[in-house]
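Each chain gets a letter, A, B and so on, in the order the sequences are listed, and its residues count up from 1.
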Protein chains: 2
Amino acid sequence: MDTPRACSVARSLEIVGERWSLLVLREVLLGVRRFADIQRHTGAPRAVLTQRLRRLVDAGILERRDYRPDGERTRQEYHPTPAGRELQPVLVALMQWGDRHLAGPDGPPVRMEHHDCGGAVHAHLVCEHGHALPGDGRGLRAVPRDVGAG
Amino acid sequence: MDTPRACSVARSLEIVGERWSLLVLREVLLGVRRFADIQRHTGAPRAVLTQRLRRLVDAGILERRDYRPDGERTRQEYHPTPAGRELQPVLVALMQWGDRHLAGPDGPPVRMEHHDCGGAVHAHLVCEHGHALPGDGRGLRAVPRDVGAG
DNA sequence: AAGCTGAGTATGGAATTTGAACTCAGCGCG
DNA sequence: CGCGCTGAGTTCAAATTCCATACTCAGCTT
(Lines give C-alpha, C1' and ligand atoms only; values in the text may rest on other atoms or scores of the structure.)
Protein backbone atom coordinates (compact mmCIF):
# COMPACT_ATOMS: atom_id res chain seq x y z
CA MET A 1 0.00 0.00 0.00
CA ASP A 2 1.70 3.18 -1.09
CA THR A 3 -1.21 5.52 -0.76
CA PRO A 4 -0.86 8.09 2.00
CA ARG A 5 -2.67 7.41 5.23
CA ALA A 6 -6.35 8.33 5.34
CA CYS A 7 -6.52 10.74 8.22
CA SER A 8 -8.64 13.59 9.42
CA VAL A 9 -5.57 15.58 10.31
CA ALA A 10 -4.59 15.60 6.66
CA ARG A 11 -8.10 16.49 5.58
CA SER A 12 -8.29 19.36 8.04
CA LEU A 13 -4.94 20.66 6.96
CA GLU A 14 -6.02 20.66 3.37
CA ILE A 15 -8.47 23.36 4.37
CA VAL A 16 -6.85 25.29 7.17
CA GLY A 17 -3.24 24.26 6.65
CA GLU A 18 -2.27 26.80 4.04
CA ARG A 19 -0.22 29.70 5.15
CA TRP A 20 -2.25 32.48 6.82
CA SER A 21 -5.49 30.50 7.07
CA LEU A 22 -5.33 29.88 10.78
CA LEU A 23 -4.12 33.40 11.47
CA VAL A 24 -7.06 34.78 9.54
CA LEU A 25 -9.35 32.58 11.59
CA ARG A 26 -7.67 33.72 14.78
CA GLU A 27 -8.41 37.32 13.89
CA VAL A 28 -12.01 36.64 13.03
CA LEU A 29 -12.49 34.74 16.25
CA LEU A 30 -10.95 37.66 18.11
CA GLY A 31 -13.64 39.83 16.62
CA VAL A 32 -11.75 41.42 13.74
CA ARG A 33 -14.17 41.44 10.85
CA ARG A 34 -12.94 43.59 8.04
CA PHE A 35 -10.57 42.87 5.22
CA ALA A 36 -8.19 45.73 5.89
CA ASP A 37 -8.01 45.00 9.62
CA ILE A 38 -7.39 41.32 9.09
CA GLN A 39 -4.72 42.23 6.59
CA ARG A 40 -3.05 44.58 9.04
CA HIS A 41 -3.11 42.18 11.97
CA THR A 42 -1.90 39.14 10.10
CA GLY A 43 0.48 40.71 7.62
CA ALA A 44 -0.83 38.54 4.81
CA PRO A 45 -0.53 40.04 1.32
CA ARG A 46 -3.88 41.26 0.03
CA ALA A 47 -4.06 38.88 -2.88
CA VAL A 48 -3.40 35.92 -0.62
CA LEU A 49 -5.87 37.17 1.93
CA THR A 50 -8.55 37.33 -0.72
CA GLN A 51 -7.84 33.72 -1.66
CA ARG A 52 -7.84 32.53 1.93
CA LEU A 53 -11.03 34.30 2.86
CA ARG A 54 -12.73 32.85 -0.16
CA ARG A 55 -11.54 29.38 0.71
CA LEU A 56 -12.59 29.66 4.34
CA VAL A 57 -16.00 30.90 3.26
CA ASP A 58 -16.33 28.03 0.79
CA ALA A 59 -15.37 25.57 3.50
CA GLY A 60 -18.10 26.88 5.77
CA ILE A 61 -15.67 28.25 8.34
CA LEU A 62 -16.41 31.91 7.73
CA GLU A 63 -19.46 33.71 6.50
CA ARG A 64 -19.35 36.89 4.49
CA ARG A 65 -21.94 39.49 5.34
CA ASP A 66 -22.74 42.91 4.04
CA TYR A 67 -23.06 45.69 6.49
CA ARG A 68 -23.19 49.41 6.44
CA PRO A 69 -21.23 51.53 8.91
CA ASP A 70 -22.51 55.07 9.50
CA GLY A 71 -21.34 57.46 6.85
CA GLU A 72 -19.81 54.76 4.73
CA ARG A 73 -21.06 52.63 1.92
CA THR A 74 -21.84 48.98 2.20
CA ARG A 75 -18.90 46.87 3.32
CA GLN A 76 -18.29 43.19 3.80
CA GLU A 77 -17.40 41.59 7.05
CA TYR A 78 -16.36 38.09 7.87
CA HIS A 79 -17.96 36.19 10.72
CA PRO A 80 -17.13 32.78 12.12
CA THR A 81 -19.66 30.01 11.55
CA PRO A 82 -20.22 27.28 14.12
CA ALA A 83 -17.73 25.12 12.22
CA GLY A 84 -15.24 27.95 12.42
CA ARG A 85 -15.71 28.34 16.14
CA GLU A 86 -15.09 24.65 16.57
CA LEU A 87 -11.53 25.24 15.45
CA GLN A 88 -10.88 27.16 18.67
CA PRO A 89 -9.28 24.13 20.33
CA VAL A 90 -6.76 23.97 17.49
CA LEU A 91 -5.81 27.60 17.98
CA VAL A 92 -5.65 27.29 21.74
CA ALA A 93 -3.49 24.18 21.46
CA LEU A 94 -1.12 25.90 19.05
CA MET A 95 -1.01 28.93 21.27
CA GLN A 96 -0.22 27.04 24.42
CA TRP A 97 2.55 25.17 22.68
CA GLY A 98 4.00 28.44 21.42
CA ASP A 99 3.65 29.96 24.89
CA ARG A 100 5.62 27.10 26.37
CA HIS A 101 8.29 26.69 23.78
CA LEU A 102 8.65 29.91 21.87
CA ALA A 103 7.70 32.74 24.19
CA GLY A 104 10.15 35.62 24.27
CA PRO A 105 11.47 37.29 27.39
CA ASP A 106 8.16 39.11 27.89
CA GLY A 107 6.25 35.89 28.21
CA PRO A 108 3.11 35.01 26.29
CA PRO A 109 1.71 38.02 24.44
CA VAL A 110 -1.92 36.99 24.73
CA ARG A 111 -3.71 35.23 27.52
CA MET A 112 -6.81 33.14 26.99
CA GLU A 113 -9.12 33.28 29.92
CA HIS A 114 -12.47 31.95 30.95
CA HIS A 115 -14.97 34.75 30.66
CA ASP A 116 -16.85 33.62 33.74
CA CYS A 117 -13.98 33.22 36.17
CA GLY A 118 -10.89 34.73 34.60
CA GLY A 119 -8.93 31.48 34.83
CA ALA A 120 -6.41 30.65 32.11
CA VAL A 121 -7.83 28.32 29.50
CA HIS A 122 -5.96 25.35 28.06
CA ALA A 123 -6.60 22.58 25.59
CA HIS A 124 -6.60 19.29 27.46
CA LEU A 125 -6.80 15.73 26.30
CA VAL A 126 -9.68 13.97 28.00
CA CYS A 127 -11.27 10.62 27.31
CA GLU A 128 -14.97 10.12 27.16
CA HIS A 129 -14.96 8.50 30.58
CA GLY A 130 -13.58 11.65 32.05
CA HIS A 131 -9.98 10.56 32.48
CA ALA A 132 -7.50 13.35 31.89
CA LEU A 133 -4.48 12.53 29.78
CA PRO A 134 -1.15 14.27 30.23
CA GLY A 135 -0.38 17.07 27.82
CA ASP A 136 2.24 15.04 26.03
CA GLY A 137 -0.33 12.50 24.95
CA ARG A 138 1.10 9.59 26.90
CA GLY A 139 -1.64 7.04 27.30
CA LEU A 140 -3.06 7.88 23.91
CA ARG A 141 -3.50 5.12 21.37
CA ALA A 142 -4.40 5.51 17.71
CA VAL A 143 -6.56 2.77 16.25
CA PRO A 144 -6.82 2.74 12.45
CA ARG A 145 -10.15 1.41 11.27
CA ASP A 146 -9.36 0.30 7.73
CA VAL A 147 -6.09 -1.52 8.25
CA GLY A 148 -5.23 -4.79 9.92
CA ALA A 149 -7.96 -7.21 11.03
CA GLY A 150 -10.58 -6.18 8.52
CA MET B 1 0.71 50.30 14.60
CA ASP B 2 0.85 48.30 11.39
CA THR B 3 2.99 45.47 12.62
CA PRO B 4 1.27 42.10 12.72
CA ARG B 5 -0.08 40.92 16.04
CA ALA B 6 2.42 39.30 18.39
CA CYS B 7 0.95 35.89 18.97
CA SER B 8 2.05 32.43 19.92
CA VAL B 9 -0.18 30.93 17.28
CA ALA B 10 1.84 32.72 14.64
CA ARG B 11 5.10 31.68 16.23
CA SER B 12 4.04 28.06 16.43
CA LEU B 13 2.91 28.08 12.84
CA GLU B 14 6.23 29.43 11.75
CA ILE B 15 7.66 26.12 12.88
CA VAL B 16 4.96 23.56 12.32
CA GLY B 17 2.78 25.46 9.88
CA GLU B 18 4.58 24.57 6.69
CA ARG B 19 3.05 21.98 4.50
CA TRP B 20 3.72 18.39 5.64
CA SER B 21 5.24 19.30 8.99
CA LEU B 22 2.29 18.26 11.11
CA LEU B 23 1.74 15.13 9.05
CA VAL B 24 5.34 14.15 9.57
CA LEU B 25 4.89 14.69 13.28
CA ARG B 26 1.70 12.66 13.24
CA GLU B 27 3.58 9.73 11.74
CA VAL B 28 6.41 9.95 14.21
CA LEU B 29 3.97 10.10 17.10
CA LEU B 30 2.22 7.06 15.67
CA GLY B 31 5.52 5.25 15.89
CA VAL B 32 6.71 5.51 12.30
CA ARG B 33 10.40 6.25 12.53
CA ARG B 34 12.09 5.83 9.21
CA PHE B 35 12.43 8.20 6.32
CA ALA B 36 10.97 5.93 3.68
CA ASP B 37 8.01 4.98 5.83
CA ILE B 38 7.23 8.56 6.72
CA GLN B 39 7.50 9.42 3.07
CA ARG B 40 5.11 6.65 2.10
CA HIS B 41 2.53 7.45 4.75
CA THR B 42 2.48 11.20 4.21
CA GLY B 43 3.04 11.41 0.48
CA ALA B 44 5.49 14.26 0.91
CA PRO B 45 8.15 14.54 -1.80
CA ARG B 46 11.52 13.31 -0.58
CA ALA B 47 13.27 16.63 -0.94
CA VAL B 48 10.62 18.37 1.09
CA LEU B 49 10.62 15.64 3.68
CA THR B 50 14.34 16.08 4.14
CA GLN B 51 13.81 19.79 4.72
CA ARG B 52 10.95 19.29 7.13
CA LEU B 53 12.71 16.65 9.17
CA ARG B 54 15.72 18.87 9.47
CA ARG B 55 13.58 21.77 10.56
CA LEU B 56 11.70 19.71 13.12
CA VAL B 57 14.95 18.39 14.51
CA ASP B 58 16.38 21.91 14.69
CA ALA B 59 13.27 23.07 16.49
CA GLY B 60 13.66 20.36 19.09
CA ILE B 61 10.49 18.56 18.08
CA LEU B 62 12.17 15.47 16.71
CA GLU B 63 15.42 13.78 17.49
CA ARG B 64 17.47 11.89 14.97
CA ARG B 65 19.09 8.69 16.13
CA ASP B 66 21.24 6.09 14.49
CA TYR B 67 20.25 2.51 14.79
CA ARG B 68 21.13 -0.75 13.19
CA PRO B 69 18.47 -3.24 12.11
CA ASP B 70 19.63 -6.86 11.80
CA GLY B 71 21.31 -7.50 8.51
CA GLU B 72 21.25 -3.90 7.46
CA ARG B 73 23.68 -1.10 7.83
CA THR B 74 23.21 1.80 10.19
CA ARG B 75 20.06 3.78 9.57
CA GLN B 76 18.55 6.90 11.03
CA GLU B 77 15.29 7.07 12.80
CA TYR B 78 13.30 10.00 14.04
CA HIS B 79 11.88 10.09 17.54
CA PRO B 80 9.61 12.64 19.15
CA THR B 81 11.09 14.77 21.90
CA PRO B 82 9.02 15.94 24.86
CA ALA B 83 8.34 19.19 23.00
CA GLY B 84 7.16 17.15 20.04
CA ARG B 85 4.82 15.10 22.18
CA GLU B 86 3.35 18.27 23.56
CA LEU B 87 1.98 18.98 20.12
CA GLN B 88 -0.39 16.04 20.52
CA PRO B 89 -3.27 18.29 21.53
CA VAL B 90 -2.88 20.20 18.27
CA LEU B 91 -3.11 17.02 16.26
CA VAL B 92 -6.01 15.68 18.26
CA ALA B 93 -7.86 18.96 17.88
CA LEU B 94 -7.29 19.01 14.14
CA MET B 95 -8.36 15.42 13.89
CA GLN B 96 -11.55 15.86 15.81
CA TRP B 97 -12.48 18.82 13.68
CA GLY B 98 -11.85 16.81 10.54
CA ASP B 99 -13.81 13.91 11.95
CA ARG B 100 -16.77 16.18 12.55
CA HIS B 101 -16.70 18.23 9.42
CA LEU B 102 -14.88 16.33 6.73
CA ALA B 103 -15.40 12.64 7.42
CA GLY B 104 -16.44 10.60 4.41
CA PRO B 105 -19.24 8.04 4.36
CA ASP B 106 -17.07 5.55 6.25
CA GLY B 107 -16.72 7.83 9.22
CA PRO B 108 -13.46 8.77 10.87
CA PRO B 109 -10.56 6.64 9.62
CA VAL B 110 -8.64 6.66 12.86
CA ARG B 111 -9.86 6.63 16.41
CA MET B 112 -7.89 8.04 19.30
CA GLU B 113 -8.48 6.15 22.48
CA HIS B 114 -7.33 6.14 26.05
CA HIS B 115 -4.91 3.31 26.49
CA ASP B 116 -6.16 2.55 29.98
CA CYS B 117 -9.89 2.46 29.34
CA GLY B 118 -10.45 2.47 25.60
CA GLY B 119 -12.57 5.60 25.73
CA ALA B 120 -12.40 8.05 22.82
CA VAL B 121 -10.05 10.94 23.49
CA HIS B 122 -10.83 14.55 22.65
CA ALA B 123 -9.18 17.92 23.03
CA HIS B 124 -11.25 19.98 25.44
CA LEU B 125 -11.00 23.56 26.52
CA VAL B 126 -10.73 23.76 30.28
CA CYS B 127 -9.89 26.67 32.54
CA GLU B 128 -7.46 26.41 35.38
CA HIS B 129 -10.29 26.33 37.89
CA GLY B 130 -11.61 23.21 36.27
CA HIS B 131 -14.49 24.72 34.36
CA ALA B 132 -15.12 23.05 31.03
CA LEU B 133 -15.71 25.34 28.06
CA PRO B 134 -17.85 24.30 25.12
CA GLY B 135 -16.00 23.05 22.06
CA ASP B 136 -16.83 26.16 20.09
CA GLY B 137 -14.93 28.33 22.50
CA ARG B 138 -17.87 30.32 23.76
CA GLY B 139 -16.92 31.79 27.10
CA LEU B 140 -13.34 32.24 25.97
CA ARG B 141 -11.78 35.68 26.14
CA ALA B 142 -8.45 36.75 24.68
CA VAL B 143 -6.56 39.34 26.68
CA PRO B 144 -3.68 40.95 24.78
CA ARG B 145 -0.87 42.06 27.02
CA ASP B 146 0.83 44.64 24.85
CA VAL B 147 -1.68 45.82 22.28
CA GLY B 148 -4.98 47.59 22.51
CA ALA B 149 -7.54 47.15 19.77
CA GLY B 150 -8.50 50.80 19.79
C1' DA C 1 -17.46 66.81 -9.52
C1' DA C 2 -13.36 65.56 -7.23
C1' DG C 3 -11.30 63.15 -3.44
C1' DC C 4 -10.89 59.58 -0.17
C1' DT C 5 -11.18 54.88 1.50
C1' DG C 6 -12.09 49.99 1.77
C1' DA C 7 -11.88 45.91 -0.82
C1' DG C 8 -10.24 43.89 -3.80
C1' DT C 9 -7.35 42.67 -9.05
C1' DA C 10 -3.35 42.61 -11.90
C1' DT C 11 1.36 41.71 -12.47
C1' DG C 12 5.92 40.21 -12.58
C1' DG C 13 9.76 38.48 -10.04
C1' DA C 14 11.22 35.50 -5.97
C1' DA C 15 10.67 31.47 -3.36
C1' DT C 16 8.66 26.76 -2.76
C1' DT C 17 6.93 22.52 -4.21
C1' DT C 18 6.86 18.64 -7.14
C1' DG C 19 8.22 14.31 -9.45
C1' DA C 20 11.77 12.01 -11.60
C1' DA C 21 16.35 10.95 -12.02
C1' DC C 22 20.70 10.53 -9.77
C1' DT C 23 24.08 9.53 -5.85
C1' DC C 24 26.12 7.15 -2.09
C1' DA C 25 26.94 3.74 1.58
C1' DG C 26 27.25 -0.75 3.11
C1' DC C 27 25.29 -5.55 3.84
C1' DG C 28 24.57 -10.19 1.82
C1' DC C 29 25.48 -13.18 -1.86
C1' DG C 30 28.39 -15.61 -4.88
C1' DC D 1 36.38 -9.16 -3.99
C1' DG D 2 32.97 -7.35 -6.93
C1' DC D 3 27.76 -6.88 -7.63
C1' DG D 4 23.31 -5.81 -6.83
C1' DC D 5 19.93 -4.11 -3.66
C1' DT D 6 17.91 -0.76 -0.54
C1' DG D 7 17.37 3.23 2.42
C1' DA D 8 18.29 7.96 2.67
C1' DG D 9 19.04 11.50 0.71
C1' DT D 10 20.49 15.25 -3.33
C1' DT D 11 19.94 17.44 -7.85
C1' DC D 12 17.28 19.46 -11.31
C1' DA D 13 13.82 21.59 -14.26
C1' DA D 14 8.99 22.63 -14.48
C1' DA D 15 4.80 24.06 -12.13
C1' DT D 16 2.89 26.41 -8.44
C1' DT D 17 2.54 29.73 -4.84
C1' DC D 18 4.03 33.83 -2.58
C1' DC D 19 5.09 38.54 -2.22
C1' DA D 20 5.26 43.69 -3.00
C1' DT D 21 3.66 47.07 -5.59
C1' DA D 22 0.58 49.25 -8.57
C1' DC D 23 -3.98 49.63 -10.32
C1' DT D 24 -9.26 49.52 -10.22
C1' DC D 25 -13.83 50.42 -8.69
C1' DA D 26 -17.79 51.95 -5.82
C1' DG D 27 -19.99 55.33 -3.35
C1' DC D 28 -19.91 58.65 0.68
C1' DT D 29 -18.18 63.33 1.85
C1' DT D 30 -16.97 67.93 0.60
**Message:** Please report the distance, rounded to the nearest Å, between CG in B/D37 and C1' in D/dG9.
**Reply:** 15 Å
**Message:** So B/Q76, base contact, sugar-phosphate only, or nothing? Heavy-atom distance under 4.0 Å.
**Reply:** sugar-phosphate
**Prompt:** Is a side-chain donor or acceptor of B/R141 paired with a backbone partner of A/D116 at a separation under 3.5 angstrom?
**Reply:** no
**Asked** Residues in salt bridge (Lys or Arg N to Asp or Glu O under 4.0 Å) with B/E14, at least two apart?
**Response** none
**Request:** Quick one: which residue pairs count as a side chain to side chain donor-acceptor pair (under 3.5 Å) with a foot in residues 81-95 of chain B, not counting sequence neighbours?
**Result:** A/R100-B/E86, A/H101-B/E86
**Distance in angstrom units between A/E18 CD and D/dC18 C1', rounded** = 12 Å
**Request:** Sequence neighbours left out, what pairs pass side chain to side chain donor-acceptor pair (under 3.5 Å) with at least one residue falling in residues 51-61 of chain B?
**Result:** B/E18-B/R55
**Prompt:** Which letter, B, S or -, goes with each nucleotide of nucleotides 19-30 of chain D from 5' to 3', with contact meaning a protein heavy atom under 4.0 Å?
**Reply:** S-B----BSSS-
**Complete:** Sorted by chain and residue number, the salt bridge (Lys or Arg N to Asp or Glu O under 4.0 Å) partners of B/D136 (sequence neighbours excluded) come out as B/R138
**Request:** Taking only heavy atoms on the protein side, list every residue of residues 52-66 of chain B lying under 4.0 Å from any atom of DNA chain D, sorted numerically.
**Result:** B/R54, B/R64
**Prompt:** Who passes side-chain hydrogen bond (donor to acceptor under 3.5 Å, both in side chains) against B/S12, sequence neighbours left out?
**Reply:** none
**Message:** Taking only side-chain N and O atoms of B/Y78, does any of them lie within less than 4.0 angstrom of OP1 or OP2 on D/dA8?
**Reply:** no
**Request:** Give me the residues of residues 10-17 of chain A where at least one heavy atom lies under 4.0 Å from an atom of DNA chain D, by number, or none.
**Result:** none
**Message:** Nearest whole Å is fine: how far is C/dG6 P from A/R33 CZ?
**Reply:** 18 Å
**Nearest-Å distance for atom pair CD/C1', residues A/Q39 and C/dG6** = 11 Å
**Message:** Suppose the criterion is ring-ring contact (aromatic ring centres under 6.0 Å, His included): which pairs have a residue in residues 10-32 of chain B, not counting sequence neighbours?
**Reply:** none
Could you tabulate the donor-acceptor pairs under 3.5 Å formed by side-chain atoms of residues 120-135 of chain B, not counting sequence neighbours?
| residue | atom | partner | partner atom | Å |
| --- | --- | --- | --- | --- |
| B/H122 | ND1 | B/Q96 | OE1 | 3.4 |
| B/E128 | OE2 | A/A120 | N | 2.9 |
| B/H131 | ND1 | A/H114 | ND1 | 3.4 |

**Request:** Go through the steps to decide whether B/D99 and A/S8 satisfy the test side chain to side chain donor-acceptor pair (under 3.5 Å), and finish with yes or no.
**Result:** CA-CA 6 Å; B/D99 284 349; A/S8 287; 2.5 Å; yes
**Message:** Under the rule for salt bridge (Lys or Arg N to Asp or Glu O under 4.0 Å), what residues qualify as partners of A/R111, not counting sequence neighbours?
**Reply:** A/E113
**Pairs flagged by ring-ring contact (aromatic ring centres under 6.0 Å, His included) wherever residues 59-83 of chain B is involved - sequence neighbours left out** = none
**Request:** Whole angstrom is fine here: how far is it from CZ in B/R34 over to C1' in D/dA8?
**Result:** 10 Å
**Integer-rounded Å distance: C/dA7 P and A/Q51 CD** = 18 Å
